[in-house]
Asks: 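Okay, here's the structure, questions in a sec.
The residues of the chain are indexed from 1 along the displayed sequence.
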Amino acid sequence: MSSINLTSLGANQLKNTTTGEMVEIGSLWREQAVVLFFLRRFGCQVCRWMAAEVSKLEKDLKAHGIALVGIGPEETGVKEFKDGGFFKGDIYIDEMKQCYKDLGFKRYNAINVVPAAMGKKVREIASKASAEGIQGNFSGDLLQSGGMLIVAKGGEKVLLHFIQKSPADNPPLEEITKALGISANVQAGEKPQSKH
């Protein structure tokens with residue numbers, strides 16, 4: 001499992017995109033379990049599709065007293081992201097990108113970002129997103145990767161720590177519900193099939 005120090009991570013500050021208030025990330029799991037979805041960028045077409053996918057769990061999560069929270073690395077694109085309705089949970093910004101660093105969400109560089117962004121899986125999800133009417137843009141930090149962290153109520157333990165290895169990586173919905181010990185009545189979007 002994960003060797004994340006939740007006490008240290010929990011002290012990191014996030015900005016609430018609705019109120020502008022700064023909160024400690026640990027406050028998000030103090031009273032309830034939480035699914036923290038770390039986006040690469042708010043304008044990323046693949047991230048928007050992933051946000052819509054994980055949002056399919058929102059009703060089931062809420063019914064079990066579990067929060068769904070989206071976190072982005074910067075303010076750029078957040079208004080368009082919220083206006084587009086891609087995500088059904090609260091949205092925060094990690095302005096210092098400290099949570100991203102602490103969770104091992106790597107940064108690409110000018111050399112390795114192009115092959116990662118042009119990979120087959122990325123192209124397949126982008127195509128699926130386009131088919132579902134989800135568009136994107138290239139505004140903001142193109143080099144940040146993301147992932148997911150699921151924390152038990154009270155910060156008791158990490159239930160899932162998922163780190164993107166490529167921009168198209170995301171945990172399947174069934175992996176999220178399994179980590180939480182709940183069932184959900186949702187239909188996952190068709191996973192693009194990789195042909196080796």
Asks: Could you pull out the closest heavy-atom pair between Ile182 and Asp60, with the gap in Å?
Replies: CD1-O, 4.4 Å
Asks: Does the pair Glu74/Lys15 count as a salt bridge with the N-to-O cut at 4.0 Å?
Replies: no
Asks: List the atom of Ile25, the atom of Cys99, and the distance in Å for their closest heavy-atom pair.
Replies: CD1-SG, 3.8 Å
Asks: So does Asn5 get a backbone contact from the side chain of Ser8, meaning a donor-acceptor N/O pair under 3.5 Å?
Replies: no
Asks: Would you indicate whether the side-chain heavy atoms of Leu68 and Leu57 approach each other to under 4.5 Å?
Replies: no
Asks: Say you draw a straight line from CG of Leu28 to CG of Leu14; how long is it, rounded to the nearest 0.5 Å?
Replies: 6.0 Å
Asks: Take atom CE of Met22 as the centre, draw a 6.0 Å sphere, and report whether it contains more than 12 heavy atoms from other residues, nucleotides or ligands.
Replies: yes
Asks: Can you check whether Arg107 reaches Ser145 side chain to side chain, under 4.5 Å on heavy atoms?
Replies: no
Asks: Side chains of His161 and Ile163: closer than 4.5 Å at any heavy-atom pair?
Replies: yes
Asks: Taking atom types as modelled, is there a side-chain donor on Gln98 or Asp102 under 3.5 Å from an acceptor on the other?
Replies: yes
Asks: Return the minimal non-hydrogen interatomic distance between Gly43 and Arg48, and the atom names on each side.
Replies: CA-NH2, 3.6 Å
Asks: Minimum heavy-atom separation for Ala168 and Val46, please, with both atom names.
Replies: CA-CG1, 4.1 Å
Asks: Examine the side chains of Thr18 and Lys82 and answer whether a donor and an acceptor come within less than 3.5 Å of each other.
Replies: yes
Asks: When you compare the side chain of Glu175 with that of Leu160, does any pair of heavy atoms fall below 4.5 Å?
Replies: yes
Asks: Mind checking the CZ-CD spacing from Phe86 to Glu80? Nearest 0.5 Å is all I need.
Replies: 7.0 Å
Asks: Mark yes when over 12 heavy atoms from residues, nucleotides or ligands other than Glu31 sit less than 6.0 Å from its CD; otherwise mark no.
Replies: no
Asks: Check the hydrophobic clustering (I, L, V, M, F, W, Y; side-chain heavy atoms under 4.5 Å; chains of links allowed) and say if Ile71 and Val23 are grouped together.
Replies: yes
Asks: About how many Å separate CZ of Phe162 and CZ of Phe105, when rounded to the nearest 0.5 Å?
Replies: 9.0 Å
Asks: Report the relative orientation of the aromatic rings in Phe81 and Phe42; use parallel for angles under 30°, tilted for 30 to 60°, perpendicular for over 60°.
Replies: tilted
Asks: Find the distance between CZ (Phe87) and CE (Met50) and round it off to the nearest 0.5 Å.
Replies: 13.0 Å
Asks: Taking the side chain as every heavy atom from C-beta outward, state whether Leu180 and Leu61 have any pair of such atoms under 4.5 Å apart.
Replies: yes
Asks: How close do Ser183 and His64 get, heavy atom to heavy atom, and via which atoms?
Replies: O-CE1, 4.1 Å
Asks: Is the shortest side-chain heavy-atom distance between Glu53 and Leu173 below 4.5 Å?
Replies: yes
Asks: How many angstroms lie between atom NZ of Lys101 and atom CG of Asn12, to the nearest 0.5 angstrom?
Replies: 9.5 Å
Asks: Verify, without hydrogens or angle tests, whether Thr17 (side chain) and Tyr92 (backbone) share a donor-acceptor contact under 3.5 angstrom.
Replies: no
Asks: Taking side chain as C-beta onward, heavy atoms only, is Val69 less than 4.5 Å from Phe37?
Replies: no
Asks: Does Glu156 come within less than 4.0 Å of Lys153, counting only side-chain N to carboxylate O?
Replies: no
Asks: Are Met96 and Gln13 close enough, and set up right, to give a side chain to side chain contact (heavy atoms under 4.5 Å, CB included), and what steps lead you there?
Replies: CA-CA 8 Å; Met96 304 301 292; Gln13 296 282 312; over 6 Å; no
Asks: Would you check, one step at a time, whether the test side chain to side chain contact (heavy atoms under 4.5 Å, CB included) holds for Val35 with Met148?
Replies: CA-CA 7 Å; Val35 174; Met148 184 173 286; 3.8 Å; yes
Asks: In sequence, state the C-alpha distance, the side-chain angles, and the governing distance for Glu75 and Glu95, and then conclude on side chain to side chain contact (heavy atoms under 4.5 Å, CB included).
Replies: CA-CA 8 Å; Glu75 195 92 31; Glu95 293 177 317; 4.1 Å; yes
Asks: Below 4.5 Å, heavy atoms only, C-beta onward: do Ile150 and Val158 meet side chain to side chain?
Replies: no
Asks: Rounded at 0.5 Å granularity, tell me how far CG in Leu159 sits from NZ in Lys178.
Replies: 13.0 Å
Asks: Under the side chain to side chain contact (heavy atoms under 4.5 Å, CB included) criterion, do Ile4 and Leu149 qualify, and how do the steps go?
Replies: CA-CA 10 Å; Ile4 296 168; Leu149 182 70; 3.5 Å; yes
Asks: Can you tell me if Arg40 uses its side chain to pair, donor with acceptor, with the backbone of Gln144 under 3.5 Å?
Replies: yes
Asks: Mind listing the closest non-hydrogen atom pair of Leu39 and Cys47 along with its distance?
Replies: CD2-CB, 4.0 Å
